[in-house]
J.: 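Below: one structure in structure tokens.
This structure is a prediction, so every number in the text was calculated from the model and none was measured. Throughout, residue positions are numbered sequentially from 1 according to the sequence presented. All values below come from the heavy atoms of this structure, side chains included, with hydrogens, waters and symmetry mates left out.
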Amino acid sequence: MTENECRKLAEELFPDIDATPEYYAEFYPERALPEGAQVTRIAPSPTGFIHLGNLFSALADERIARQSKGVFYLRIEDTDLKRKVEGAVEAVITTLGYFGITFDEGAEMDGDKTYGPFYQRQREKVYKAFVKRMVAEGLAYPCFCTAEDLDDIREKQREQKLTPGYYGEWARCRELSYKEIRERIDAGVPYVIRMRSAGDGTQKFTFRDSIKGEISVTANNRDEVILKSDGIPTYHFAHVVDDHLMHTTLVLRGEEWLSSLPIHLELFRMLGFKPPKYGHHAQLMKLDGGTKRKLSKRKDPELALEYYRKLGYHPLAVKTYLMTLLNSNFEEWMLKNPDAPLEDFKFSIGKMGQSGALFDIAKLDDVSKTVISKLTGEEFYAFLLDWANNYDPDFAKLLADKTYALGVLDLCMGAGKKRRKDFICASQAKEVVSCYFDGTFAPERDFPLPPETCKRILTAFLASYDHSDDGQAWFAKVKEIAASMGFATDMRAYKENPDAFPGSVSDVAEVLRVAVTGHRNTPDLWSIMQLLGEERAVGRIKDCV
Ligand code: GLU
């Protein structure tokens with residue numbers, strides 16, 4: 001086609017598109033941001049499935065943008081969606097919001113009035129202005145190949161052991177004349193628009209990835225589809241236009257996108273745009289029977305972020321753990337600054353790992369225990385109540401007596417240096433505290449001594465019990481009972497000659513503990529009985545007798 005024919009064809013293919021690339025350049029001007037400010041985004045497809053990888057990327061993006069006084073925005077990449085997934089965008093926003101990730105701009109926000117709209121499906125006209133220009137310049141062309149034609153090409157390439165794809169001499173529609181194109185369009189043959197790649201499949205260049213460093217890339221040579229037959233652009237094209245017009249400076253994304261990077265870089269060049277910096281991060285892995293593999297949507301429920309909300313992991317715990325995977329020096333920083341907010345840490349892309357980080361739930365649990373141990377009773381109570389309101393209304397009812405619930409939490413968490421690290425997440429905390437609430441107290445009493453002995457201990461204990469005794473007086477009575485029944489009260493003597501006794505005072509105390517709480521391991525038993533109140537504590541012992 002001649003230059004004139006290209007321009008004519010562009011007008012004929014897009015008669016309604018008046019706005020030019022220059023118009024959009026002015027419409028979406030440079031952002032007025034301080035020197036060095038980074039503009040980052042997450043650009044999920046609204047499938048309704050929000051996973052750990054999304055949060056992993058979002059956390060890095062958010063840190064980099066906020067730290068540099070830049071902008072972090074949310075773009076919804078819905079070009080591939082046949083159907084709208086109801087509630088999917090809200091799910092992205094609320095789920096990430098739960099983990100403390102908020103946006104400065106983007107879908108469902110006021111920012112829509114500046115660099116938006118942030119739904120790709122609402123930007124059809126914008127993309128078409130750029131496609132139109134590419135056609136006019138001979139950089140893109142209509143392709144009428146059917147699915148069968150493409151299968152045929154692929155089959156022949158396979159026979160000849162060639163790389164599959166629409167390129168070079170295989171790109172059948174590349175050299176169609178203006179007349180041939182016109183005839184097909186007039187006959188109503190559906191078409192897509194493809195980019196006309198300048199590559200021949202041999203050129204290589206080096207590319208500096210913000211995470212992986214220098215990598216060698218083979219230049220693109222495929223005439224990729226940029227506009228589908230329904231007039232919707234492909235991801236490749238739409239994201240290039242958007243990242244340019246929204247002035248993204250850094251794109252962090254999973255390394256599964258690395259293979260299409262050459263296409264993207266060629267599109268940036270064809271459109272005359274300066275590409276943003278790219279950082280491709282490795283995917284999260286898990287250890288499965290000794291081998292490392294990617295977390296999978298099908299096999300691993302823990303990939304979904306909903307998993308953590310349902311179990312009631314504290315958002316700060318998940319975030320803190322992900323930070324340890326994101327930046328190799330984060331853990332060391334945390335040890336030095338145990339009480340500093342996570343935002344004080346200087347996040348750096350250079351410290352992001354190049355190989356797949358191992359996601360280990362046991363480590364998350366450890367981090368969670370520490371994070372929860374640093375909450376005040378009030379904070380943990382508010383968190384538990386919120387979780388229970390959403391996921392366990394019966395438990396929420398038990399928590400309604402705030403003073404009592406706080407007493408339970410204070411007791412379980414311990415104070416000062418004795419702060420315990422027993423809580424991992426809300427659902428597990430419910431298990432731990434269930435014995436303090438009649439509504440959930442369902443003991444399987446596994447006593448350490450024979451039933452007859454237990455009965456004697458419990459009866460003696462009830463006979464001498466005075467709820468107003470302090471801890472010392474209380475223990476003195478337990479000791480007395482132990483001694484009267486021949487149990488060792490001197491631990492050293494017991495250790496030296498254990499066979500001389502039926503057991504020690506701690507076995508006697510354990511019998512009481514099991515009777516009152518159903519468990520062998522609990523915080524201080526006297527404090528528990530005070531908390532439960534006389535009636536309930538004594539009642540539980542009587543039930544056992
Ligand atoms: N829409 C792509 C996804 O769903 C975004 C990739 C990118 O960040 O460029 O992962």
Side-chain angles (χ1 to χ4, degrees), residues 36-42 50-74 92-104 106 210-211 250 252 279 281-282 284 302 305 307-309 311-353 357-384 386-387 413 419 421 423-426 429:
Q38 302 289 327
V39 179
T40 63
R41 59 18 173 221
I42 59 160
I50 312 143
H51 53 83
L52 217 49
N54 295 135
L55 179 61
F56 189 72
S57 282
L59 196 52
D61 282 316
E62 187 261 3
R63 282 295 78 222
I64 288 161
R66 298 266 158 80
Q67 231 167 243
S68 63
K69 304 203 166 26
V71 173
F72 172 49
Y73 72 89
L74 170 67
V92 171
I93 296 170
T94 51
T95 306
L96 292 178
Y98 175 78
F99 294 99
I101 303 281
T102 55
F103 301 97
D104 303 311
S210 298
I211 296 171
L250 172 70
L252 290 181
H281 60 76
L284 290 172
E302 73 268 31
L305 285 180
Y307 176 85
Y308 304 92
R309 284 185 74 188
L311 287 176
Y313 275 88
H314 196 281
L316 184 59
V318 178
K319 244 169 111 166
T320 306
Y321 176 55
L322 286 181
M323 283 295 281
T324 68
L325 299 182
L326 274 167
N327 256 196
S328 50
N329 54 333
F330 177 75
E331 234 170 322
E332 194 189 319
W333 174 86
M334 204 169 49
L335 284 174
K336 282 193 199 135
N337 304 276
D339 299 316
L342 201 139
E343 289 69 29
D344 285 2
F345 172 71
K346 183 140 179 36
F347 188 89
S348 105
I349 312 168
K351 294 254 163 39
M352 282 177 77
L358 207 57
F359 186 82
D360 181 351
I361 294 257
K363 288 215 178 110
L364 167 65
D365 287 354
D366 271 349
V367 171
S368 295
K369 285 180 183 173
T370 305
V371 166
I372 292 177
S373 76
K374 287 184 183 163
L375 300 179
T376 63
E378 285 269 357
E379 284 167 340
F380 191 45
Y381 172 77
F383 171 70
L384 271 187
D386 187 49
W387 173 81
M413 293 172 94
R419 198 78 166 151
K421 291 189 178 179
F423 291 132
I424 298 170
C425 58

J.: Find out whether Leu316 and Leu342 are in side-chain contact, i.e. whether some heavy atom of one side chain is under 4.5 Å from a heavy atom of the other.
T.: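 When only atoms from C-beta onward are counted, Leu342 and Leu316 do touch, with a gap below 4.5 Å.
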J.: What distance separates Leu96 CG from Glu62 CD, expressed to the nearest 0.5 Å?
T.: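 Answer for the CG-CD pair, Leu96 versus Glu62, is 10.5 Å.
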J.: Enter the distance from Tyr73:OH to Ile42:CD1 here, rounded to the nearest 0.5 Å.
T.: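 Rounded to the nearest 0.5 Å, the OH-CD1 separation comes out at 11.0 Å.
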J.: Quick check against the 3.5 Å criterion: does Ser68 have a side-chain atom that pairs as donor or acceptor with the backbone of Gln38?
T.: yes
J.: With Phe423 as reference, evaluate Trp387, Tyr381, Phe380 under the ring pair (Phe, Tyr, Trp, His ring centres under 6.0 Å) test and give the passing residue.
T.: Phe380
J.: Can you find a heavy atom in the side chain of Tyr308 that is under 4.5 Å from one in the side chain of Leu364?
T.: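 The answer is yes; the side chains approach within 4.5 Å.
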J.: Is any side-chain heavy atom of Thr370 closer than 4.5 Å to one of Thr320?
T.: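 They are not in side-chain contact.
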J.: Determine yes or no for a side-chain-to-main-chain donor-acceptor pair under 3.5 angstrom, with Gln67 supplying the side chain and Phe347 the backbone.
T.: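 Yes.
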J.: Should the pair Lys421-Asp366 be classified as a salt bridge under the 4.0 Å nitrogen-to-oxygen rule?
T.: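 The answer is no: the pair does not qualify as a salt bridge.
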J.: For a quick test of reading the model, state the closest non-hydrogen atom pair linking Ala429 to Leu384 and the distance between them.
T.: CB-CD2, 4.1 Å
J.: Is the Phe72-Phe103 ring centre distance short of 6.0 angstrom?
T.: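 Under 6.0 Å, so yes.
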J.: Does Glu379 use its side chain to pair, donor to acceptor, with the backbone of Thr376 at less than 3.5 Å?
T.: yes
J.: Judged by atom type as modelled, is there a donor-acceptor pair below 3.5 Å linking the side chain of Thr95 to the main-chain atoms of Val92?
T.: no
J.: For Phe330 and Phe345, take the angle between the two ring planes, folded into 0 to 90°, and tell me which bin it lands in: parallel under 30, tilted 30 to 60, perpendicular over 60.
T.: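 Because their plane-to-plane angle is over 60°, the rings of Phe330 and Phe345 count as perpendicular.
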J.: Rounded to the nearest 0.5 Å, what separation is found between the CZ atom of Phe99 and the CG atom of Leu55?
T.: 6.0 Å
J.: Please check if the number of heavy atoms outside Lys374 that lie under 6.0 Å from its NZ is greater than 12.
T.: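 Yes, enclosed.
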J.: Nearest 0.5 Å, what's the NZ-CG distance between Lys363 and Leu358?
T.: 7.0 Å
J.: Does the side chain of Asn337 come within less than 4.5 Å of Asp344's, by heavy atoms?
T.: no
J.: Mark yes or no for whether Asp386, through its side chain, and Phe383, through its backbone, hold a donor-acceptor pair below 3.5 Å.
T.: no
J.: Side-chain contact, heavy-atom cut-off 4.5 Å: Leu250 with Val39?
T.: no
J.: Measuring only between side-chain heavy atoms, which start at C-beta, is Leu252 closer than 4.5 Å to Ile211?
T.: yes
J.: Search all heavy atoms of Ile349 against all heavy atoms of Ser210 and return the closest pair with its distance.
T.: CG2-O, 3.7 Å
J.: Measuring from atom CD1 of Ile50 to atom CZ of Arg309, what distance do you get when rounded to the nearest 0.5 angstrom?
T.: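 Those atoms lie 8.5 Å apart.
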J.: How about Tyr313 and Ile361: do any of their side-chain heavy atoms sit closer than 4.5 Å?
T.: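 In short, these two side chains touch, coming nearer than 4.5 Å.
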J.: Are any side-chain N or O atoms of Tyr321 and backbone N or O atoms of Asp365, one a donor and one an acceptor, separated by less than 3.5 Å?
T.: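 Side chain of Tyr321 to backbone of Asp365, a donor-acceptor pair under 3.5 Å: no, none is there.
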